[in-house]
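Notes follow the structure.
Heavy-atom basis, side chains included; hydrogens, waters and symmetry copies ignored. We're numbering straight along the sequence, starting at 1.
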Amino acid sequence: MENKSGGVSSGMALVALIAATAWGLAQWEGLRRYGASSLTLSILLGAALGNAFPGLGRDRFRPGLAFAQRRLLRAGVALYGFNLSVQQIIQVGSTGILVDVVMVVSTLLVGGFVGRRLLGMDRETVLLASAGSAICGAAAVVATVPMLRSEHGAVAEKSAVAVATVVLFGTLAMLLYPALHAWLGGVLDFGIYVGSTVHEVAQVVAIGSSLGGHVADSAVIVKMIRVLLLVPFLLSLGWFLGDRGGRHAVPVPWFAVAFAALAGVNSLHILPAGVVDALRLAGALLLTAAMASLGIDTNLARMRQAGVRPLLLGAGLFVHLVAVGGLVNWLAA
């Protein structure tokens, strides 16, 4: 028991150090301008450290890393619910909700077809990359991880691949969308377009800030509604990956249910603003710590074996988001 407790402490101390560094870097204006979030920075720092010192993923650090990937991750996803409220949903109206639903569902379907049928990729990588593109970037990737039944190392590598596609094409979106605004700004509700198609919340904030006004406000709200769709996605995924014949219980992602419940609590405004801010911060820090642990478990040599296919999948999803997203938003306008 003492050895296990010591292993948890050692692993958690390592994860906390990486997460704190990533959090500090994410506050730097030079990185925030490019939509770099603490989650993406954390998995990158963890991967760099884990591959420079392979022993970190084994031995005395393992219990703490496993704790972060399970307990901290689930708690972080649940607390993320404090970023949402019913009032936000009402503010953008039925158009924003409809566009979000169409884009999330269509992106998941396109990802499944392109990844599995055309590229012949494994199911876990396709699910993680598709969820990241469809819903909320790295946060969706880490929320999907507990639903998969793979070894820690395999999940970590596939998570890192999925996060890499989110970072790459989300960064490209931050360069592309301001240019698209000059062309499509008078045709589309550009705030809804940005919120319903850009990968990460931080990237949406960065694009919205560069464009300002109504675009900035509606983009963030539409994006947060898209985040809320993480709950039905995880519940559906639990049913899909479970026994659909009904012989065994379907795994219920209780952390996703807690996510929705806490969004409801946030809508009631019964907690002081300072408490809500503290809970939001706690959720973000827990997710950042979980990403650090996944990064440490990432083996870059095995990631390279995946080849170019994850990039092709990410590119296909990005084209779908930009092109089909534009069409859906134009039809809904």
Side-chain angles (χ1 to χ4, degrees), residues 34-35 37 88-89 91-115 117-119 126 129-141 162 165-230 232-233 310-333:
Y34 297 99
S37 70
Q88 289 175 321
I89 298 174
Q91 185 172 340
V92 298
S94 58
T95 299
I97 298 171
L98 176 62
V99 171
D100 270 345
V101 170
V102 170
M103 289 312 302
V104 167
V105 172
S106 64
T107 303
L108 291 170
L109 292 175
V110 167
F113 177 77
V114 173
R117 296 292 183 87
L118 299 185
L119 298 176
V126 171
S130 299
S133 294
I135 306 172
C136 53
V141 174
T165 64
V166 167
V167 172
L168 175 61
F169 292 103
T171 301
L172 182 58
M174 288 167 38
L175 300 174
L176 177 64
Y177 277 64
L180 288 177
H181 181 256
W183 181 35
L184 299 174
V187 180
L188 305 176
D189 185 324
F190 209 77
I192 294 180
Y193 178 48
V194 172
S196 63
T197 57
V198 174
H199 301 68
E200 286 265 14
V201 173
Q203 294 160 353
V204 170
V205 171
I207 295 172
S209 298
S210 69
L211 299 177
H214 171 72
V215 172
D217 295 337
S218 61
V220 173
I221 294 171
V222 169
K223 179 61 181 179
M224 295 314 295
I225 294 172
R226 196 166 144 210
V227 172
L228 188 59
L229 295 177
L230 183 65
F233 164 71
L311 288 178
L312 293 176
L313 173 60
L317 291 169
F318 180 61
V319 170
H320 169 77
L321 288 167
V322 173
V324 177
L327 177 61
V328 170
N329 276 273
W330 177 69
L331 291 173

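Distance CD1/I207 to NZ/K223: 10.0 Å, rounded to 0.5 Å. Rounding to the nearest 0.5 Å places CG of L108 at 15.5 Å from CZ of F113. Note: M174 CE to H199 NE2 = 12.0 Å, rounded to the nearest 0.5 Å. The line from CG of L312 to OG1 of T165 is 11.5 Å long, rounded to the nearest 0.5 Å. Atom CZ of F318 is separated from atom OG1 of T107 by 12.0 Å, given to the nearest 0.5 angstrom. Note that OH of Y193 is 8.5 Å distant from CG of L321, once rounded to the nearest 0.5 Å.
When the ring pair (Phe, Tyr, Trp, His ring centres under 6.0 Å) test is applied to H181, the partners found at least two apart in sequence or on another chain are F190.
In this structure a side-chain-to-backbone donor-acceptor pair under 3.5 Å is missing from R226 to V104.
Taking 4.5 Å as the limit, every side-chain heavy atom of L317 sits out of range of all side-chain heavy atoms of F169.
The residue from V102, T95, D100 that alone fulfils the side chain to side chain contact (heavy atoms under 4.5 Å, CB included) condition with L98 is V102. Tested against V194, the residues V222, V204, D189, L188 include a single side chain to side chain contact (heavy atoms under 4.5 Å, CB included) partner, V204. Each of L118, V110, V114 was scored for a side chain to side chain contact (heavy atoms under 4.5 Å, CB included) with L313, with one residue passing: V114.
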Side chains of residues 129-141: which donor-acceptor partners sit under 3.5 Å, not counting sequence neighbours?
| residue | atom | partner | partner atom | Å |
| --- | --- | --- | --- | --- |
| S130 | OG | V126 | O | 2.7 |
| S133 | OG | A129 | O | 3.3 |

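Looking at every heavy atom in both residues, T197 comes nearest to M103 through CG2-CE, 4.3 Å.
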**Study point:** Residues V101, L229; criterion side chain to side chain contact (heavy atoms under 4.5 Å, CB included); working and verdict
**Key:** CA-CA 8 Å; V101 170; L229 295 177; 4.2 Å; yes
